[in-house]
Amino acid sequence: MISRYNIVGVFFLVLVSIFVNIEGRSISQFLTQKTKGTKWAVLIAGSAGWTNYRHQADVCHAYQIMKAGGLKDENIIVFMYDDIANNTENPKPGVIINNPHGHDVYKGVPKDYVGDDVNAKNFFNVILANKSGVVGGSGKVLKSGPNDHIFIYYADHGGPGVIEMPSGELVFAYDLVNVLKKKHASGTYDRLVFYLETCESGSMFDGLLPKGLNIYVMTASKPDEDSYGTYCGEGTPNIPCLGQCPPREFHGICLGDLFSVAWMEDSDVQDRKTNSLHGQYIRVAKRTAANLTYGSHVKEYGDKVVSFDPLAAFMGETSKNHCHDSVDAKLFSTSSSSRNVDQRSTELFYLFTKHKNAPEGSYEKYEARVKLNEVMLKRSQVDNNVKHLGELLFGVEKGNEVLHSVRPAGQPLVDNWDCLKSYVKIFEAHCGRLTTYGRKHVRGIANICNAGITSEKMAAMSAQACSS
C-alpha cells in the first residue's frame, strides 16, 4: 500500500515538473542549478553603402545594449563594414543614430571585423572559435565554454535561403545551420539565441533547425515575406509621420529596421531580469506587424523553451546609468509609408527622395533621375530574365506558377542545397550577378532544383533566357 508520504512526495514532484516546464527549464537544470557562465554576443551588419545605413546603425545600437548590460568588449564581437559614420554623405560626421532622437550609438563600438573582413568564412570561423581560419580583423573568436550563453544578431539584406555579406560569398541557410550544429556538438555553450533581420529570414531556419540544440531563433519575417526599414524619410501633409520623423538632413535614409528597432527599444526600457525572451517576442511581433501593409510576421524557431529565460541571461541587466532615447510602441506608425519601407525598396526610396528634393534644373536632380532609371531598368531586366527562364523550362502557362510556389511551413526551401548553390552560379554566369533585389528570385532557382531540372538544361535555358 502506498503511504501518505509517498503520495505527497509524488504530488510534490508533479508540481515541480509543471512549474519547471512553465519556466522553460528541465527538472535536472532546476535541481542542479548550473554555475552561471559568461555572456557572449556576436553582432553582424552584412551590408555596405550609405543607403544601407540602418544595418550598421542597428548593430551599433545592439552593441550599446550589450555593453550597458555588463558584457565586456572581450566577449562582444562586431562585424560591420564601417563606411557609414565617416561617409561623406553623413550629415553628422563620426556619429550614427538609430532613431529620430539622434543618440549616438557608434561611440565605443569595437572594430573587430571591418571592410572586406566582413565575410561568411570569417563569420563561421568566429562562431566555431577557429582562430586559425580567421583572416584579418582583430582575431577575436567565440571562445565560449559549456556554461556560457551566446547571443547572435544579424542585420542585412537576404533572400529565400540566403543572407548577404558585403564581401565574398552569400551565407546559405544549410551552411549556417550546420555551423550551429557544429557549435552545439563542441559542447561550448549552454544556450544560444539568434535574432535575424532580413527579408525572408524565416527561410534560413524553417525545416532546417532541429530541436534539442538549446538554440532559440527569432526572425523578422516569414520564409516568403519582406522585412522593413523604419524611421525612413520625412512626413508630408498627405503621408505624416505618426511618431517622430528622422532629422530632415537624413533625406531618404532609414535609420533602423522595423524588427530590429522593436527588439532593441524594448530591451532599452524593460527590466531584463524579470522580462523573458518570450515576452519580448510577443511585444516585438505585435509592433512589427502593427500594419502588415508596411510590416511583417515575426517568427520563432528552434527550442522555444529557451525563450522563457530572462533577457538578462543573454543581454545583461539594464544599467541604471543607461538611458537610450526610445520611442513608445504606441506612437509607432501604423499607416504611414514614409515611416516603413520594405528592405528591397530602400535604394529606390533614397533615389526618389534625392530626386524630389534636388533643385529644379540642377545636375544633382538629373543624376538622381538617371540613377533611378538605371536601377529600375535592372530590376525589370532580372524579373524578365527569370520569367523567361521559367517559361522555357516549364512552359508559358506553368512557368510563373512553378517559380513562385512556396513550400508549406516546416519544409526547407530546397531538397538539395548543393544544387541551389550551383544553379545560382549558373544563372549568374549567363545573366549577371543577382543584386539585393534580384536575390528574391533564389526561390525560383530553388524550385528549379526541386523540379529535377538537370544542370545541363539549366545552363542552356539560362543562356537562352538572358541572351537578348
Side-chain angles (χ1 to χ4, degrees), residues 35 37-48 55-56 59-60 62-63 66-67 71-83 108-156 158 161-196 198 204-205 208-210 212-215 217 302 314 417-418 420-422 424-425:
T35 304
T38 300
K39 299 177 185 68
W40 292 81
V42 182
L43 313 173
I44 309 99
S47 68
H55 297 142
Q56 292 183 50
V59 162
C60 288
Y63 166 79
M66 304 302 151
K67 186 70 173 177
L71 276 71
K72 299 176 182 178
D73 278 355
E74 64 193 70
N75 301 123
I76 306 174
I77 304 170
V78 178
F79 287 77
M80 58 183 288
Y81 204 82
D82 198 27
D83 61 345
V109 176
K111 311 278 181 36
D112 290 309
Y113 297 92
V114 300
D116 289 343
D117 295 335
V118 183
N119 58 61
K121 288 183 179 179
N122 277 348
F123 172 49
F124 288 162
N125 282 312
V126 164
I127 298 299
L128 296 174
N130 180 20
K131 192 164 186 174
S132 63
V134 171
V135 177
S138 66
K140 198 188 296 182
V141 296
L142 193 55
K143 292 182 66 175
S144 53
N147 296 323
D148 293 353
H149 284 192
I150 299 170
F151 180 81
I152 302 175
Y153 167 58
Y154 200 121
D156 189 19
V162 295
I163 49 181
E164 294 185 23
M165 279 288 189
S167 177
E169 299 295 319
L170 295 170
V171 176
F172 281 83
Y174 183 80
D175 296 329
L176 175 60
V177 171
N178 272 349
V179 166
L180 295 178
K181 288 178 180 177
K182 288 179 182 178
K183 188 66 177 176
H184 177 262
S186 71
T188 53
Y189 69 87
D190 180 28
R191 294 191 170 196
L192 186 153
V193 169
F194 198 128
Y195 283 11
L196 178 60
T198 67
M204 296 297 291
F205 301 99
L208 290 172
L209 184 67
L213 302 183
N214 277 347
I215 294 177
V217 173
F314 299 91
W417 287 87
D418 287 334
L420 178 59
K421 291 180 188 178
S422 172
V424 167
K425 288 181 179 179

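Heavy-atom basis, side chains included; hydrogens, waters and symmetry copies ignored. When a residue number appears, it is its place in the shown sequence, counting from 1.
A donor-acceptor pair under 3.5 Å links the side-chain atoms of N125 to the main chain of G133, judged by distance alone. Using a distance-only test at 3.5 Å, with no hydrogens or angles considered, a donor-acceptor pair links the side chain of D156 to the main chain of E164. Judged purely by atom type and a 3.5 angstrom limit, D117 uses its side chain to pair as donor or acceptor with the backbone of G137. A donor-acceptor pair is defined here as one N or O able to donate and one able to accept, closer than 3.5 Å; such a pair exists between the side chain of S144 and the backbone of T188. With hydrogens and angles disregarded, a donor-acceptor distance shorter than 3.5 Å links the side chain of N122 to the backbone of V135. Checking side-chain atoms of K183 against main-chain N and O of I127 turns up a donor-acceptor pair under 3.5 Å. One N or O on the side chain of D148 and one on the backbone of G145 form a donor-acceptor pair closer than 3.5 Å.
Between N178 atom CG and F172 atom CZ the span is 13.5 Å, to the nearest 0.5 Å. Between the CZ atom of F205 and the CG atom of L196 there is a distance of 5.5 Å, given to the nearest 0.5 Å. The OG atom of S138 lies 12.0 Å from the CD atom of E74; values are rounded to the nearest 0.5 Å. From K140, atom NZ reaches atom CG of D112 across 3.5 Å, with rounding to the nearest 0.5 Å. Here the CD1 atom belonging to I163 is positioned 12.0 Å from the OG atom belonging to S47, to the nearest 0.5 angstrom. Rounding to the nearest 0.5 Å gives a distance of 15.5 Å between CZ of F314 and CH2 of W40.
A pairwise comparison of heavy atoms in A45 and Q56 identifies CB-CG, 3.8 Å as the closest pair. The shortest non-hydrogen separation linking V171 to A120 is CG2-CB, 3.7 Å. Nearest heavy-atom pair across A48 and D83 is CB-OD2, 3.6 Å. Nearest heavy atom pair, residue A173 against residue L208, reads CB-CD1, 3.6 Å.
Y113 and F79 have their aromatic ring centers within a separation under 6.0 angstrom.
In this structure, the side chains of N214 and L192 stay at 4.5 Å or more apart for every pair of heavy atoms. Between N130 and V141, the closest side-chain pair of non-hydrogen atoms is not below 4.5 Å. K421 is listed as a side-chain neighbour of D175, based on a closest heavy-atom distance under 4.5 Å. You'll find the side chain of Y189 stays beyond 4.5 Å of the side chain of L142, heavy atoms only. At a threshold of 4.5 Å between non-hydrogen side-chain atoms, the residues L213 and K181 count as touching.
Other residues, nucleotides and ligands contribute only 12 or fewer heavy atoms inside 6.0 Å of the CD atom of E169.
The only option from L180, I150, V193, V177 that meets the side-chain contact (heavy atoms from CB on, under 4.5 Å) definition with I215 turns out to be L180.
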Checklist entry - Run the side chain to side chain contact (heavy atoms under 4.5 Å, CB included) check on H55 and Y81 step by step: do they pass? => result CA-CA 10 Å; H55 297 142; Y81 204 82; over 6 Å; no

Next on the checklist: Go through it in stages, so that I can follow the logic: the residues are V424 and L420, the test is side chain to side chain contact (heavy atoms under 4.5 Å, CB included), and I'd like the CA-CA distance, side-chain angles, deciding distance and then a yes or no.
Outcome noted: CA-CA 6 Å; V424 167; L420 178 59; 4.1 Å; yes

Next on the checklist: For a side chain to side chain contact (heavy atoms under 4.5 Å, CB included) check, start with the C-alpha distance between K39 and N75, then their side-chain angles and the critical distance, and finish with the verdict.
Outcome noted: CA-CA 7 Å; K39 299 177 185 68; N75 301 123; over 6 Å; no

Checklist entry - Going through the checks in order, is the side chain to side chain contact (heavy atoms under 4.5 Å, CB included) test met by I44 and I152? => result CA-CA 8 Å; I44 309 99; I152 302 175; 3.9 Å; yes

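Applying the ring pair (Phe, Tyr, Trp, His ring centres under 6.0 Å) test to Y63 and every residue at least two apart in sequence or in another chain returns nothing. Residues satisfying the side-chain hydrogen bond (donor to acceptor under 3.5 Å, both in side chains) criterion with Y154, sequence neighbours excluded, are absent altogether.
Taking the six-membered ring for Trp and thresholds of 30 and 60 degrees, Y174 and W417 have nearly parallel ring planes, at less than 30 degrees apart.
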